[in-house]
Amino acid sequence: MKRLFLFSLALVVALSSTYAKKPKKEKTNEKTPYRVSCVAFYNLENLFDTIHDEGKNDYEYLPEGGMRWDGLKYTHKIHNMAYAISKFGTDVTPQGAACVGVAEVENIRCMQDLAKELNTQYQRKYVPLLLEGPDRRGVDVGFLYDSVMFKPVHVKGHELKAHYADGGEVKSRLQLLVSGYLQGEKIHVIVNHWPSRYGGELSSRATRDTAAMLTKSICDSIYQKEPKAKIIIMGDLNDDPFNHSCKDVLGARKDRKDVEKQGYFNTMWQMLDRGIGSLAYNGSWNLFDQIIISEPLMNADPKKEWSYWKAQIFNKPFLTVQEGKDKGAPLRTHKGGVWQDGYGDHYPTMIYLIKQK
């Protein structure tokens, strides 16, 4: 009996020890309580078709032009651009980007070909928008929107009136305002491609300052009608966040705490401070491809409405040179006149908005 008792006691202790050491059942991951929406910008680096547009200096991008731009190269360019755009935002939200502003597109035909490739190859529902501007080369800004997630109600092109230091008139791209409803909530997107640094940064500064004044004027007009307007300013600004046009004329701030009522927050500035840029020149990085948001969007309550969450520079490996002296830089379509069958000389940029389900 004593042996039986001791055996039973030992068994109870062993079982108690086993159950004590058994790990607790892990909780299953709950789905996020927030909806996420991606809004992006991409400089497509000379998306020209192979047909001459009357009155435009597009001769370099014709079959007999300097780039020997033929149907094969154009088809590859459309395929590459569509593939890149199809990946926008998918790290975070499976439906991808709700809308994409683009720069350096020749005409609406190119936008239509791009949308067709996206919709047929990647099962998207993108609709293209483009208004022709006065750029001498014929490149414009455009807009792609997913017809399920975004409904435009107002589209307008604003022309820039500016001059270079030598008195020459600037023939720059329109600033494209697209107002609409992002999954039921109104936002305003201004797509930009500000004047280049032709002649040097300092001598051309006034042209971008003038462009910044035009952008601010558009925003002021929106604010007059909608004091709590959610505005997204995006584009290739040909300036960095700390340059005069962005920091002083537009008044876009680096830190959220410094943004005043109806002011602007530059979602990209802190990334540049960490050495992350959207284009490389002579081994150094710039961040010309900026996304700037209005204070009401920055301070919106995500429990009730779309609110800014975070920003991203889309510098994926497939968009990047992997070897040689340009290693780490964006993989371009052409380099030194040689066709590389790449993507573009700028990385895409994007922001994510969140809203409670």
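What's counted below: heavy atoms across the whole structure, side chains too, no hydrogens, waters or symmetry copies.
Each of Arg35, Lys228, Lys151, Lys230 was scored for a salt bridge (Lys or Arg N to Asp or Glu O under 4.0 Å) with Glu185, with one residue passing: Lys230. Here the rule is side chain to side chain donor-acceptor pair (under 3.5 Å) with Arg173, and of Asn192, Asp236, Asp135 only Asp135 fits it. Exactly one residue among Tyr42, Phe88, Tyr347 makes a ring pair (Phe, Tyr, Trp, His ring centres under 6.0 Å) with Phe314. That residue is Phe88. Under the side chain to side chain donor-acceptor pair (under 3.5 Å) test applied with Asn286, the options Asp240, Asn238, Asn243 reduce to a single match, Asp240.
Counting heavy atoms from C-beta on, the side chains of Leu44 and Val105 come closer than 4.5 Å. Within the 4.5 Å cutoff, side-chain heavy atoms of Lys216 are placed close to those of Asp220. In this structure the side chain of Asp113 never reaches within 4.5 angstrom of the side chain of Pro128, judged on heavy atoms. Looking only at side-chain heavy atoms (C-beta outward), His158 and Leu174 stay at 4.5 Å or farther from each other. Taking the side chain as every heavy atom from C-beta outward, Leu114 and Ile85 approach each other to under 4.5 Å. Proximity of Lys247 to Pro241: side-chain heavy atoms (C-beta onward) are nowhere separated by under 4.5 Å. Inter-residue side-chain proximity for Ile292 and Met234 is flagged as unmet; no heavy-atom pair is nearer than 4.5 Å. In this structure the side chain of Val100 never reaches within 4.5 angstrom of the side chain of Phe143, judged on heavy atoms.
Nearest heavy-atom pair across Leu287 and Ile276 is CD1-O, 3.6 Å. Counting all heavy atoms, side chain and backbone alike, Cys38 lies closest to Gly96 at CB-O, 4.1 Å. Scanning both residues, Trp194 and Cys246, for their nearest heavy atoms gives CZ3-SG, 4.1 Å.
Distance alone, capped at 3.5 Å, is enough to place a donor-acceptor pair between the Thr267 side chain and the Ile291 backbone. A distance-only check finds no donor-acceptor pair linking the side chain of Arg253 to the backbone of Asn266 [under 3.5 Å]. A donor-acceptor contact shorter than 3.5 Å is absent between the side chain of Ser217 and the backbone of Met213. Judged purely by atom type and a 3.5 angstrom limit, Gln322 uses its side chain to pair as donor or acceptor with the backbone of Pro317. Asp255 places no side-chain N or O within 3.5 Å of a backbone atom of Lys257 that could act as its donor or acceptor partner. Counting only distance, with no hydrogens or angles, the side chain of Gln356 and the backbone of Lys303 share no donor-acceptor pair below 3.5 Å. Of the possible polar contacts, none joining the Trp69 side chain to the Tyr74 backbone as a donor-acceptor pair under 3.5 Å is found. Judged by distance alone, with hydrogens and angles left aside, the side-chain atoms of Ser179 form no donor-acceptor pair with the main-chain N or O of Pro152 at under 3.5 Å. One N or O on the side chain of Asp70 and one on the backbone of Lys73 form a donor-acceptor pair closer than 3.5 Å.
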Please assess Tyr59 against His52 for the test ring-ring contact (aromatic ring centres under 6.0 Å, His included), listing each intermediate value before the final yes or no. CA-CA 7 Å; Tyr59 299 104; His52 173 58; 4.7 Å; yes
For Lys310 and Ile351, run side-chain contact (heavy atoms from CB on, under 4.5 Å): C-alpha distance rounded to whole Å, both residues' side-chain angles, the deciding distance at 0.1 Å, then the answer. CA-CA 6 Å; Lys310 66 177 182 178; Ile351 61 170; over 6 Å; no
Tyr126 vs Tyr145, test: ring-ring contact (aromatic ring centres under 6.0 Å, His included). Steps then yes/no. CA-CA 5 Å; Tyr126 282 117; Tyr145 66 90; 8.5 Å; no
CA sep, side-chain torsions, deciding dist, call: Asp289, Thr349, side chain to side chain donor-acceptor pair (under 3.5 Å): CA-CA 7 Å; Asp289 304 86; Thr349 52; 5.7 Å; no
For Gln175 and Thr215: C-alpha separation, side-chain torsions, deciding distance, then whether side chain to side chain donor-acceptor pair (under 3.5 Å) applies. CA-CA 8 Å; Gln175 295 190 15; Thr215 304; 2.7 Å; yes
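Expressed to the nearest 0.5 Å, how far OG of Ser147 lies from CG of Asn119 amounts to 8.0 Å. Taking SG from Cys219 and CG from Leu250, the interatomic distance works out to 6.5 Å, rounded to the nearest 0.5 Å. In this structure, OG in Ser307 is found 11.0 Å from NZ in Lys355, a value given to the nearest 0.5 Å. Atoms CD1 and CD, on Ile313 and Gln290 in that order, are 10.0 Å from each other to the nearest 0.5 Å. To the nearest 0.5 Å, atoms SG (Cys99) and CG (Leu182) are separated by 6.0 Å. Between the CD1 atom in Ile222 and the NZ atom in Lys186 there is a gap of 8.5 Å [rounded to 0.5 Å].
Hydrophobic cluster membership for Tyr281: none, as no Ile, Leu, Val, Met, Phe, Trp or Tyr side chain comes under 4.5 Å of it.
Taking the charged nitrogens against the carboxylate oxygens, Asp49 and Arg109 do have a contact shorter than 4.0 Å, which makes a salt bridge. Classification of Asp239 and Arg197 as a salt-bridged pair holds, one side-chain N sitting under 4.0 Å from a carboxylate O. A salt bridge does not link Arg137 with Asp58: every distance from a Lys NZ or Arg NE/NH1/NH2 to an Asp or Glu carboxylate oxygen is 4.0 Å or more.
No hydrogens or angles considered: nothing links the side chains of Asn107 and Asp140 as a donor-acceptor pair under 3.5 Å. Side-chain atoms of Tyr264 and Glu295 include no donor-acceptor pair closer than 3.5 Å. A donor-acceptor contact closer than 3.5 angstrom is absent between the side chains of Ser278 and His346.
Residues Tyr34 and Tyr308 are members of one and the same hydrophobic cluster, defined by side-chain heavy-atom contacts under 4.5 angstrom among Ile, Leu, Val, Met, Phe, Trp and Tyr. If you chain together hydrophobic residues whose side chains sit under 4.5 Å apart, Tyr181 and Ile232 never meet in one group.
Atom CD of Glu64 has more than 12 neighbouring heavy atoms from other residues, nucleotides or ligands inside a 6.0 Å radius. Heavy-atom contacts from other residues, nucleotides or ligands closer than 6.0 Å to OH of Tyr198 number 12 or fewer. No more than 12 heavy atoms of other residues, nucleotides or ligands shown are found within 6.0 angstrom of NZ on Lys87.
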For residues 327-334, dump all side-chain donor-acceptor pairs below 3.5 Å to protein atoms at least two apart in sequence or in another chain.
{"residue": "Arg332", "atom": "NE", "partner": "Glu45", "partner atom": "OE2", "Å": "2.9"}
{"residue": "Arg332", "atom": "NE", "partner": "His334", "partner atom": "O", "Å": "3.4"}
{"residue": "Arg332", "atom": "NH2", "partner": "Glu45", "partner atom": "OE2", "Å": "3.0"}
{"residue": "Thr333", "atom": "OG1", "partner": "Glu45", "partner atom": "OE1", "Å": "3.4"}
{"residue": "Thr333", "atom": "OG1", "partner": "Lys77", "partner atom": "NZ", "Å": "2.7"}
{"residue": "Thr333", "atom": "OG1", "partner": "Tyr343", "partner atom": "O", "Å": "3.3"}

